[in-house]
Each structure stands twice: as structure tokens, then as C-alpha cells.
Amino acid sequence: MAVAVVLLSGAPFHGGCCRHKVFLSLLGPLLSNSKLYSSYRRPGAEPKKKLSWQNADFSFKKSIDHLKTQLSLLTKETQDYLQGPGGHPLSQHVLEQTRVLWQFRSQEDLNKWVISSDVEIGGKSKVYIKLGRNNQAALLYGTLNTEVPRDGETKYSGYCSMRSRPAVGSFNRKKYYDWSNFNSLYLRVRGDGRPWMVNIYTDPYFSHQKDDLYSYFMFTRGGPYWEEIKIPFSKFFFSSRGRVQDNQHPVWLDKASFLTLGLTIGDKVDGPFQLEIDFIGLLNDRAHREEFAYETYDKN
Amino acid sequence: FTASLLLGTTLTISSNHWIMAWAGLEINTLAILPMISKSHHPRAIEAATKYFLTQATASALLLFSSMINAWQTGQWDITQLTNPTSCLILTSAIAMKLGLVPFHFWFPEVLQGTPLTTGLLLSTLMKFPPITLLYMTSPSLNPTVLTSMAILSTALGGWMGLNQTQIRKILAFSSISHLGWMTIIISYNPKLTLLNFYLYALMTTATFLTLHSTKASKLSTLMTTWTKTPTLNAALLLTLLSLAGLPPLTGFLPKWLIIQELTKQDMA
């Protein structure tokens, strides 16, 4: 079969006659480099020019430098392991009631986040991120556009989001943290009055749970004053592939690895938006006694 | 499900035929799966899936080992395992069932995803049939392989449990460490293995039930139990020290006897 394809692909170079043209038209899809499934590319998606293995850099010097970086990270991880959980003494782990996870003071802090919008599916929303005044906060701004891309498939559009990059250790291994001491998310923000959605993605082990997401809403005031918003983890509801599930359960934070936090705006209102974020942290609110806000169905 | 667990355990420990032993192990595996995934939380489902995959692989290896032995020797008696390949495959199957290094990676994750009572069953009752099989086949197994796995289990169980903050994971690593102690002596004095297992099961049961009554699943919760149940907390302290093997508590006894026996065998 492979030999036949190779011979026939060489046929145009021999300047074939009518028989070859008919034969080639029948075997056109096989001879071209297209995949067997649909090759439709969404307007916002970049055309795939190179295969992933073709992007590999085989430079020896770079690989030695990379190895040195990874070994130094491994050394630091070992030293942190000797100190205690998460690189801190055990007493700190047991006694701490607040922890700052992300704060925006430099470009390096901004690089820990990824912004995206409906441009990926062919929409027209725009989103940007930069450091705010005096490098004291991150400014997430842009324009929301709910115009649906005309590709015959998409029904809804108009979202912009900012997601944290998952933490990786040495040799790109997943880093595990324990957030179970805390029961609330604490954000210091200054918005423009628009509602945002806070999403938590706990990287599950098996692929059939990869679409699971825990979400809740963050309503901003829009005034000139900073807001300190506390969102208890008991309020986060469970959804899969964008659909809220009937079977609800609280989010487990004992394995907060690869746990990405996301802020999404998708309130179906066209126009500009702006959100300044000073820091995002965790809080153990002793006054909050609720375990889970939603009804769970007891089976059997 | 508990009745099925007891049936499976009894079937395995009382059998002379490999197929009956394997059937008992399978009944145990299938019976505990709904207990692990009872809460239908994604982490519980993940734990159940991981448990099923490892235990099914181990059961398949066990059956394969018994079939090779039956093919070579013509008999299915558990105590007559003579083929060296069979012995090696059986060792790896039992190690996978028990959670010995290097087949231990599933155990902390599975225990973390289960409720405390099911975790107790996983740590005690589910270990009993594989240890029985190990006891019955111990004269035929390779001591070097067992000793290497035992030393690695004891060491890694201790080191990896150091920085854990979730109690169930700490108990999982404690289990791995104790299994190392049980395995190292099985080739020389199998009765010490059983003694170690019975005492370990007793101490672990006490620990799990105490944690279940105080609803403590992480270290920070455990730190505040002394205000609620001071007596139980003191008892838990003693039980944990016993698990650690501190003299003059009970947990020191098996360790002492094992080291004494290893010294007689010129190993310690």
C-alpha cells in the first residue's frame, strides 16, 4: 500500500496521460498530506505548520544548561523537603491562617498567568494584561464582543479569561501543595462593576475527569476604592464541560497541585472591561463553619 | 460488601488450591471497590480506579505464576511452588497486592481518596490474604528479592511519610514501612511475620477508629483534638508511639524479635 502511494505520488513528475489524471483524482485525498478527519480550521486557531517533534531543539549546549537548571531546582526541592511541608517548618504549616499565592509586583509575576479570549474560536473580544500604576497591581483590561463567529458551529461567544500557569518542579514534574488548612479564597481587587467568574481546575489523574471545573462568581463594585473579596471554597459548584452537574460535591484542596485558578468575564454585555488585582491569597476564616453550600444526594 | 470481604478473605486463607486463593482475592477486590467509591467524589472514583487497576494486574500475575507452576510441575498446591519463574512472578504479584516498594505508588493515593473506615479495611483486612499466601510459599521464594524489597519499603515508607500533612497518607506510608518489616523476616522465621501483622493490625485499627471518632483527616485538625477529647488524644499518642516501635510499648516487640532473628542469620 505504501509502495503504491509512493509510486503514484511520483506520477506527476513523469507527466502522466489521461489515465493517470483520472487515477490521481480518485486517489487525491490519499496522496495529499491531509488527515483523515475534517481539516476545517477555526478562524482564531493558528495553522499547524510544523509537527511537534520538528520543533525539538537538538543543541547540546542548551541541553547542558537546561540540565544544570533542572538539577539546581532538584537540589532546592531536596533542601525544602528537609525543612518541612512546602519548604516551610511544620509549625508554620499548622499555625498559618493566611497565605498569599500570587501578587503582582513585576513582569515575572505577570508571566505566571496566561490570558485568553474567544479569539481562539473566532470571536472578536480583546484582552490585555499589564502592570498597574507604580507596579502595585496587575491590570486586566480589554473589550468584550459577543458577536458569534459565523462558522455554522458556534452558538455563543464573548469571553475573556486569565488563568494561572500550573506550578512545575524540577524536570517538569507536578508540584503538590496542601491548601486544606484554608477555607476561603481572598482577593484584593478593584473592578468596574462587572461580574466575574472564578474557576478552579484541580488537575485530575484520569482523562475522563479533565473537563471538571469548580466555579463561583465575583461581583465587583466599580468604585475608586479597593475591595477585599472572600469566597469560601464551600460555595464553589461543580461543572463539567460548562454544564452544572446535578451531583454536587465540595472541592478537595489537599492535592492543590497543578491547581489553576482562572478569572473569566462572560456576562454577555458588549463593551470595555477592567480589573485591577493586587494579590490573590488563601484565608482560614474561623467564623465560616459551612462545609458545603449545595445539597448532595445520598445514594443507597 | 463486608460479608463479601470476609468471604473472600476466608476463602483465600483456608485454600490449598491456587484457583481458590485467586478467587478469594478477586472477591475481596470487587467487594471493596464500591466501599472506596461510596461518596461518588471524583477523588474517590480516582482512588477506586487506581485500586482496581493495580489489584487486577496483581491478580493476573498471581494466576499466571500459578499456571506456570502447574504447567511445569503438574499440580496446583500453594505450598508446592517450586518453579523459579513462578516464584519471581508470585513475589511481584504479592508485592503489588500489599504495596511493597517498588509497587507502592498506588497505596497513599488510594488511602487518601477513601473514608477512614474503608481505609482501615484496606490497611488490615485486605493485607491478610496476600500475607497468608506469602507465609505459605515463603520456603520457595527468593530471599534476596524479598530482603531488597523489604529494606526499600522500610526506608522509603519512613522517608516519604516525613513531610506529609494528610493523616491518611502518613498511615499509608506507615503501612508500607511495616510491610517491609514483615517481609524481611518471612524467609527465616515466618511466624514473626504473622506476629508483626497481628500487632500492626491491632494498632492500626485503634488509630483509624480514634481518627474516625474525632473526624481528623489532616494534621491541623488533629492539633485541636486535645481540647475536645483529651483522654482519647492521649491514647492516640500512645498508639502512634507504639506504631513507631518505641519501647516499652507493644509495637517494639516485633521489631526487637525481628532484629534478633536477623542477627542470628548474620544480616543485621
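Hydrogens, waters and symmetry mates are skipped; everything else that's a heavy atom, side chains included, is used. Here is the naming used below: chain letters follow the sequence lines, and residue numbers restart at 1 for every chain.
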- [ ] Check step by step if salt bridge (charged side-chain N to carboxylate O under 4.0 Å, His left out) holds for Asp254(A) and Lys169(B).
- [x] CA-CA 11 Å; Asp254(A) 60 317; Lys169(B) 277 195 175 174; 5.6 Å; no
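Heavy atoms of other residues, nucleotides or ligands lying less than 6.0 angstrom from CD of Glu228(A) number more than 12. Within 6.0 Å of the CD atom in Glu290(A), the count of heavy atoms belonging to other residues, nucleotides or ligands exceeds 12. Under a cut-off of 6.0 angstrom, the local environment of CZ in Phe64(B) is sparse, with at most 12 non-hydrogen atoms contributed by other residues, nucleotides or ligands. Around atom CZ of Phe1(B), no more than 12 heavy atoms belonging to other residues, nucleotides or ligands sit under 6.0 Å away. When the shell of 6.0 Å around CG of Asn111(A) is examined, it contains more than 12 heavy atoms from other residues, nucleotides or ligands.
With a 4.5 Å cut-off on non-hydrogen atoms, Leu219(B) touches chain A through its side chain but not through its backbone. For Leu95(A), no part sits under 4.5 Å from any heavy atom of chain B, backbone or side chain.
Scanning all heavy atoms of the two residues, the minimum distance from Ser180(A) to Gln166(B) falls at OG-NE2, 3.0 Å. Nearest heavy-atom pair across Tyr81(A) and Trp159(B) is OH-O, 2.7 Å.
Of the residues considered (Lys218(B), His41(B), Glu46(B)), His41(B) shows the highest number of contacts with chain A, using heavy-atom pairs under 4.5 Å. Note: Asn163(B) leads Thr49(B), Thr221(B), Asn163(B), Leu162(B) in heavy-atom pairs under 4.5 Å with chain A.
Asp178(A) has its side chain out of reach of Gln164(B): every pair of non-hydrogen atoms, C-beta onward, lies at least 4.5 Å apart. Side-chain contact check for Lys50(B) versus Phe206(A): some heavy-atom pair is nearer than 4.5 Å.
In this structure, OG on Ser220(B) lies 10.0 Å from CG on Leu90(A), to the nearest 0.5 angstrom. Rounding to the nearest 0.5 angstrom, the gap separating the NE2 atom in His208(A) from the CD1 atom in Ile45(B) is 7.0 Å.
Partners of Phe104(A) according to the ring-ring contact (aromatic ring centres under 6.0 Å, His included) rule, which considers only residues two or more places apart in sequence or in another chain, are Trp113(A). Listed by chain and number, the residues in a ring-ring contact (aromatic ring centres under 6.0 Å, His included) with Phe238(A) are Tyr214(A), His249(A) (sequence neighbours excluded).
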